[in-house]
Amino acid sequence: MSKRAWLVKSEPYKYSYADLVRDGRATWDGVRNYEARNNLRAMRAGDLLLYYHSNEGKAVVGLAQVAREAHQDPTTTDDWSAVEITPLAPLAAPVNLATIKATPALAGMSLLRRSRLSVVEVSWPEVDVILKLGRTRLPKAARRR
DNA sequence: GCCAACGTTGGC
DNA sequence: GCCAACGTTGGC
């Protein structure tokens, strides 16, 4: 099965990409939306993650990877899921929302069409465009194969 | 700080 | 099962 790619949002003043790099690994918990939860559950180890800063920054700032697949969200006993993620590499140039909106090839992104969902899938063609705009090469560890 | 979008809750 | 009220997200 080939890898998938996802975009996850975080408000940088709560947990930024720099925080993830500092920690080396993080539990992606606290998701309380069924569709987002289903996306977490569909993630497989090694899937690529685009890390998006919402509210402040409003840009894709880095790449990460799924390190541990969905398990019980440790912040609740209710039926919610969490995954663990590790950082791969920051984007050489963050790709901001205005740029994404202005790029025809990205007009169909779930980020735009489902703007309030915190975990959305990204197609590989979209990933390629984001990486190009971000002047960043896909790290070896994240190769699609 | 405002507000549009939209998911969730709860009364009926 | 409908739908109004409410809460949250996130762009501006």
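Here is how names work: the chains are called A, B, and so on, in the same order as the sequence lines, proteins then strands, and each is numbered from 1.
- Of the candidates B/dC6, C/dG10, B/dT8, B/dT8 carries the atom nearest the A/Y34 side chain, counting heavy atoms from C-beta on.
- Distances shown here put a side-chain N or O of A/K101 below 4.0 Å from the OP1 or OP2 atom of C/dC12.
- Using modelled atom types and a 3.5 Å distance limit, the side chains of A/S81 and A/R41 yield a donor-acceptor pair.
- Not a single donor-acceptor contact under 3.5 angstrom links the side-chain atoms of A/R32 to the base of C/dT8.
- Whole-Å rounding puts the A/K9 NZ to C/dT8 P distance at 17 Å.
- Between atom CG of residue A/L131 and atom CZ of residue A/R137 there is a gap of 11.0 Å, rounded to the nearest 0.5 Å.
- When the C1' atom of B/dT8 is taken as reference, atom CG of A/D78 falls 14 Å away, rounded to whole Å.
- Counting any heavy atom pair closer than 4.0 Å across all strands shown, A/R113 reaches no nucleic acid atom.
- Separating the CZ atom of A/R114 from the P atom of C/dG11 is a distance of 15 Å, rounded to the nearest angstrom.
- If A/N55 and A/R116 are placed on DNA chain B by their nearest nucleotide, the residue sitting closer to the 5' end is A/N55.
- In the hydrophobic cluster analysis, where Ile, Leu, Val, Met, Phe, Trp and Tyr join through side-chain heavy atoms closer than 4.5 angstrom, A/V66 is grouped apart from A/L138.
- For the pair A/L111 CG and C/dG10 P, the interatomic distance rounds to 10 Å; values are reported in whole Å.
- Following rounding to the nearest Å, A/N33 (CG) and C/dG7 (C1') show an atom-to-atom distance of 13 Å.
- Taking atom CD of A/E56 as the reference point, atom P of B/dG1 lies 13 Å away to the nearest angstrom.
- Residues A/W6 and A/Y52 place their aromatic rings such that the two centres sit no closer than 6.0 Å.
- Spacing between atom CG of A/L117 and atom C1' of B/dT8 amounts to 14 Å, rounded to whole angstrom units.
- Of all nucleotides listed (C/dG11, B/dT8, B/dG7), C/dG11 comes nearest to the side chain of A/L97.
- Between the CG atom of A/L112 and the P atom of B/dA5 there is a distance of 15 Å, given to the nearest Å.
- A donor-acceptor contact shorter than 3.5 Å is absent between the side chain of A/D73 and the backbone of A/A82.
- OP1 or OP2 of C/dG11 lies within a sub-4.0 Å distance of a side-chain N or O belonging to A/Y52.
- For the pair A/K58 and C/dG10, the criterion of a side-chain N or O lying under 4.0 Å from OP1 or OP2 is not met.
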